[in-house]
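Structure first, then comments.
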Amino acid sequence: MGYDLVIFDNDGVLVDSEPLANSILAGYLSELGHPTSYEDSLRDYMGSAVHRVHDLVLERTGQRLPEDFDVTLHERTVAGFERELRPVPGVEEVLGELTAHGTGYCLASSGSHERIRVGHRVAGLDGWFEEEWIFSSQDVGQGKPAPDLFLHAARSMGVEPARCVVIEDSPLGIQAAMAAGMDVFAFTAMLPAERLPGATAYFGDMKQLPGLLQLPV
């Protein structure tokens, strides 16, 4: 059965940003006296909105992060994106096939609208997404793993959740899609399948996605 709407996560699925973003986050937290490795950042924060960083640091240490943490992290991340961000290999071909077959798509990201737009401009993906096809955790009360963001995207695009499929690469994103009542295909380029439990299907190369989506030949 095909789908009426494909909802893409952004970081790690459309743009190859997860290694860079998690390296920057781990370095900044360590600098602030909260030792965090790159692997720690992937495990605890990959796919989440920044409020989760505040929540976990407070829960674990009893300390609050500086008031300017979000602004500084954003500035460092955007600067990193400007230097070296690239699209995920093969994703433009997938978007081209969806467009050719008339299959609706959008993105739903834990990142801010500004971060999404900067990333797409640098990676050359800005021509593939209309403004009304871009959804951020800024738009809803709770980010992933709550289902709010995916449900908001489906509602805004006029598609029932059961007719949507989410393309995700993080455990939190998979949990959110499942909670929204949507199928979810896990992209295993960053994390292996065993660290992404519960997905409907798994794939490690974007060239495999059109087949999973059962696009007409």
Side-chain angles (χ1 to χ4, degrees), residues 1-23 38-39 42 46-47 80-81 83-111 115-130 133-135 144 149-150 153-154 157 159 161-178 180 182-217:
M1 180 180 69
Y3 298 95
D4 295 334
L5 180 66
V6 182
I7 304 177
F8 290 92
D9 176 42
N10 187 53
D11 294 296
V13 172
L14 295 173
V15 292
D16 193 17
S17 53
E18 289 291 10
L20 180 58
N22 281 279
S23 294
Y38 173 71
E39 279 297 325
L42 289 180
M46 182 175 167
F81 283 7
R83 289 192 302 270
E84 54 190 288
L85 197 62
R86 299 290 182 271
V88 167
V91 78
E92 289 182 271
E93 289 77 6
V94 171
L95 296 174
E97 289 209 36
L98 290 172
T99 300
H101 291 299
T103 301
Y105 67 86
C106 66
L107 78 83
S109 171
S110 294
R115 171 171 159 167
I116 294 165
R117 274 306 187 193
V118 168
H120 282 207
R121 175 175 55 77
V122 175
L125 295 180
D126 45 352
W128 289 104
F129 288 88
E130 302 291 340
W133 301 351
I134 295 175
F135 305 97
K144 305 169 189 179
L149 179 56
F150 290 138
M157 298 292 289
V159 179
R163 299 296 302 157
C164 299
V165 62
V166 176
I167 315 302
E168 264 288 353
D169 70 336
S170 74
L172 295 175
I174 289 171
Q175 292 173 39
M178 293 170 63
M182 300 176 182
D183 284 355
V184 54
F185 296 164
F187 183 44
T188 59
M190 279 288 297
L191 297 178
E194 57 266 25
R195 292 181 61 181
L196 299 167
T200 310
Y202 297 85
F203 68 107
D205 188 320
M206 277 293 165
K207 293 177 182 177
Q208 300 170 273
L209 185 54
L212 288 174
L213 293 171
Q214 301 179 31
L215 295 179
V217 177

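Model, not experiment: these values are computed from the prediction.
Contact of the Val165 side chain with the Leu212 side chain is not registered, since no non-hydrogen atoms from C-beta on lie closer than 4.5 Å. Within the 4.5 Å cutoff, the side chain of Met190 has heavy atoms near those of the Pro19 side chain. Residues Asp9 and Val166 form no side-chain contact, since every pair of their non-hydrogen atoms from C-beta on lies 4.5 Å or further apart. In this structure, Asp11 and Ser110 have side chains that are not in contact, with every pair of non-hydrogen atoms separated by 4.5 Å or more. By the 4.5 Å heavy-atom criterion applied to side chains, Leu209 and Glu97 are not counted as neighbours. Between Thr99 and Trp128 the shortest side-chain heavy-atom distance falls below 4.5 Å. Between Leu14 and His120 the shortest side-chain heavy-atom distance falls below 4.5 Å.
To the nearest 0.5 Å, atom OG of residue Ser170 and atom CG of residue Leu196 are 7.5 Å apart. The structure places CZ of Phe8 at 11.5 Å from CH2 of Trp133, a figure rounded to the nearest 0.5 Å. Expressed to the nearest 0.5 Å, how far CG of Leu213 lies from CZ of Phe203 amounts to 8.0 Å. Rounding to the nearest 0.5 Å gives a distance of 9.0 Å between CG of Leu149 and CG of Leu107. With values rounded to the nearest 0.5 angstrom, Leu20 atom CG is found 7.0 Å from Arg83 atom CZ. Interatomic distance, Leu191 CG to Met46 CE, rounded to the nearest 0.5 Å: 4.5 Å.
Aromatic ring centres of Phe150 and Phe135: separated by at least 6.0 Å. The distance between the ring centers of Tyr202 and Phe185 does not fall below 6.0 angstrom.
Remark: Glu194 pairs with Pro192 by the side-chain contact (heavy atoms from CB on, under 4.5 Å) rule, at least two apart or across chains.
Minimum heavy-atom separation, Ala199 to Ile174: N-CG2, 4.2 Å.
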